[in-house]
There are 2 protein chains.
Amino acid sequence: MDEIEKVLKIHNVRPTATRLLMYKFLRDLNVAVTLNDIESGFDKSDRTTLYRTIKTFEKHGLVHQIDDGTGVAKYALDEPTSTDINSQSLHLHFHCTNCNDTICLTDHKIPHINLPEGFITRDMNLVLKGFCDKCSHV
Amino acid sequence: MDEIEKVLKIHNVRPTATRLLMYKFLRDLNVAVTLNDIESGFDKSDRTTLYRTIKTFEKHGLVHQIDDGTGVAKYALDEPTSTDINSQSLHLHFHCTNCNDTICLTDHKIPHINLPEGFITRDMNLVLKGFCDKCSHV
DNA sequence: AAAATTCATGCAACTTAAGTGCATTAAACA
DNA sequence: TGTTTAATGCACTTAAGTTGCATGAATTTT
């Protein structure tokens, strides 16, 4: 059985053709993608199907959504090694304002923040903006 | 002359009726508001005018836009004491997933992050999510 | 002060992304 | 095989953001 097929099944996602293709598509990139990016990579499939596919992935912990401030949702594969759902979201993201790429800095965790009395933190989102390694020395 | 009128003029914004009202509206809140929130607070004005007004404020450093992950842009007044434009954006924001309020934690700055070689940071956005002080002890 | 210019406002329309309803098709299971 | 459950595709809707253009108000120039 295919490797990707295994991953999907482990996460309780039925391995249909579209899903296998989308997983491969995401895996072969190292940047987060919008639904439009995905759409451009697939000739056949309908936009709605792709939308629902990525949402299915998200619900089952295969991808996480990233809000980089551009106003358009992006998605990136979770680390396959991760067991804890919440640890995924606690890494930070870098958004290059030049090439518009957004990447996961998975080994950069968000530092702890002390909040005022009464505030309970359940999740955090940190996006750094600037020039990525490809765009900084141009 | 009105106090608000002075503030606008200092920032090179002509103090029209709509602008004075919107400034007062924002000042009397302690949460960030969406364009819809603003619209609800004004019977008379047109949506476009309010949109352009808040964008004018933003351009002239009177407000900053906050992206709290809800998908809708929010705005909050800058600290009037600030001289540096960039220091405004470096405080962090808290978004309550219960009441949907988003507030500026102006005296909580974003800690420094060491990035890999080649990355240049120009801006950062940190949003903590969870329960605010009003919603946590319910 | 009148004319000219610049800026603000209001209305309509457009764009883009996100999301839903429903019928059809495919897969899984009893 | 027949039944049920899930996935897909098409059409349509919603919501936020944004622009074009004509009108109205304010500021500047003559």
Side-chain angles (χ1 to χ4, degrees), chain A residues 1-2 4-6 8-25 32-60 62-76 95 100 102, chain B residues 1-2 4-5 7-25 32-60 62-76 95 100 102:
Chain A
M1 185 165 59
D2 187 35
I4 297 179
E5 211 169 323
K6 274 186 205 162
L8 295 195
K9 281 193 174 167
I10 288 169
H11 286 82
N12 265 308
V13 174
R14 297 224 299 232
T16 68
T18 309
R19 289 170 178 176
L20 292 169
L21 284 171
M22 189 184 290
Y23 193 93
K24 198 176 298 187
F25 181 77
V33 290
T34 65
L35 187 58
N36 267 342
D37 295 335
I38 298 173
E39 218 181 340
S40 309
F42 288 78
D43 289 337
K44 292 274 180 108
S45 259
D46 179 71
R47 178 185 177 76
T48 313
T49 302
L50 299 174
Y51 170 75
R52 285 199 260 237
T53 300
I54 199 76
K55 285 298 174 190
T56 300
F57 280 9
E58 190 186 7
K59 195 165 66 181
H60 289 85
L62 286 162
V63 304
H64 60 283
Q65 184 176 332
I66 302 159
D67 186 9
D68 64 7
T70 55
V72 184
K74 292 184 179 176
Y75 302 89
H95 174 235
N100 199 32
T102 295
Chain B
M1 185 165 62
D2 186 34
I4 297 179
E5 210 171 323
V7 177
L8 296 194
K9 281 192 174 167
I10 286 168
H11 287 82
N12 265 307
V13 174
R14 297 223 297 231
T16 67
T18 309
R19 291 169 177 176
L20 291 169
L21 283 170
M22 188 184 289
Y23 193 94
K24 198 176 298 185
F25 180 77
V33 290
T34 65
L35 186 59
N36 268 342
D37 295 334
I38 297 173
E39 221 181 336
S40 308
F42 289 79
D43 289 337
K44 291 276 181 104
S45 258
D46 179 71
R47 180 188 174 74
T48 314
T49 302
L50 299 174
Y51 170 75
R52 285 199 261 237
T53 301
I54 199 76
K55 285 298 173 189
T56 300
F57 280 9
E58 191 187 8
K59 194 165 67 179
H60 290 84
L62 285 161
V63 305
H64 60 283
Q65 184 176 333
I66 302 159
D67 187 10
D68 64 7
T70 56
V72 184
K74 291 184 180 175
Y75 302 88
H95 173 235
N100 198 35
T102 296

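The chains referred to below are lettered A, B, ... by the order of the sequence lines, with proteins before strands, and numbering in each begins at 1.
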- Please report, rounded to the nearest Å, how far the C1' atom of dT18(D) is from the CG atom of Leu50(B). 14 Å
- Task: For Thr56(B), report the nucleic acid contact type (base, sugar-phosphate, nothing); a contact means any heavy atom under 4.0 Å.
- Result: nothing
- Message: I want to check one thing: is the phosphate of dG10(C), taken as OP1 and OP2, less than 4.0 Å away from some side-chain N or O of Ser45(B)?
- Response: yes
- Rounded distance [0.5 Å steps], NE2 in His64(A) versus CD in Glu58(A): 10.0 Å
- Message: Quick one: does any side-chain atom of Arg19(B) pair with a main-chain N or O of Thr53(B) as donor and acceptor, under 3.5 Å?
- Response: no
- Are any of the side-chain heavy atoms of Leu21(B) and Lys44(B) separated by less than 4.5 Å? no
- Message: dG10(C), OP1 or OP2 - any side-chain N/O from Thr49(B) closer than 4.0 Å?
- Response: yes
- Item | Rounded distance in Å - CG (Asn12(A)) to P (dT5(D)) | 17 Å
- Value in whole Å for how far the P atom of dG17(D) lies from CD1 of Ile38(B): 10 Å
- Against the side chain of Tyr51(B), the closest entry in dT19(D), dT8(D), dT9(C) is dT19(D)
- Starting at CZ of Arg14(A) and ending at P of dA7(D), how long is that distance when rounded to a whole Å? 5 Å
- Task: Would you indicate which nucleotide in dC10(D), dT8(D), dC11(C) comes nearest to any side-chain atom of Thr48(B)?
- Result: dC11(C)
- Task: Please test Phe57(B) against Tyr75(B) for ring-ring contact (aromatic ring centres under 6.0 Å, His included), starting from the C-alpha separation and ending with a verdict.
- Result: CA-CA 10 Å; Phe57(B) 280 9; Tyr75(B) 302 88; 9.9 Å; no
- Can you tell me the distance, in whole Å, between the NZ atom of Lys59(A) and the C1' atom of dG19(C)? 14 Å
- Any side-chain N or O of Thr16(A) less than 4.0 Å from the OP1 or OP2 oxygen of dA7(D)? no
- Task: Considering just the side-chain nitrogens and oxygens of Arg19(B), establish if one lies under 4.0 Å of OP1 or OP2 belonging to dA8(C).
- Result: yes
- Query: What nucleotide, of dA8(C), dT9(C), dA16(D), holds the atom closest to the side chain of Asn36(B)?
  - Reply: dA16(D)
- Note on the structure: Among the nucleotides dG17(D), dA8(C), dC11(C), whichever has the atom closest to the side chain of Asp46(B) is dC11(C)
- Counting only heavy atoms not in Lys24(B), do more than 12 sit closer than 6.0 Å to its NZ atom? no
- Query: Thr34(B) near the nucleic acid: base, sugar-phosphate alone, or nothing, with a heavy-atom cut-off under 4.0 Å?
  - Reply: nothing
- Message: Under 4.0 Å, counting only non-hydrogen atoms across every strand here, what does Thr18(B) touch: a base, just sugar-phosphate, or nothing?
- Response: sugar-phosphate
- Task: Kindly point out which of dG17(D), dT8(D), dT9(C) is positioned nearest to the side chain of Thr53(B)?
- Result: dT9(C)
- Rounding to a whole Å, what distance do you find between Glu39(A):CD and dG9(D):P? 12 Å
- Between dA8(C) (P) and His60(B) (NE2): distance, integer Å: 8 Å
- Task: Determine the contact category for Lys55(B): base if any of its heavy atoms lies under 4.0 Å from a base atom, sugar-phosphate if only primed atoms, P, OP1 or OP2 are that close, otherwise nothing.
- Result: sugar-phosphate
- Rounded distance (Å) that lies between atom P of dA28(C) and atom CD of Glu5(A): 10 Å
- Out of dA18(C), dA16(D), dC7(C), minimum distance to the side chain of Val72(B) belongs to dA16(D)
- Would you check if there is a donor-acceptor pair between the side chains of Asn36(A) and Thr34(A) at a distance under 3.5 Å? no
- Message: For a quick check, tell me whether the side chain of Arg52(B) and the base of dG17(D) share a donor-acceptor pair closer than 3.5 Å.
- Response: no
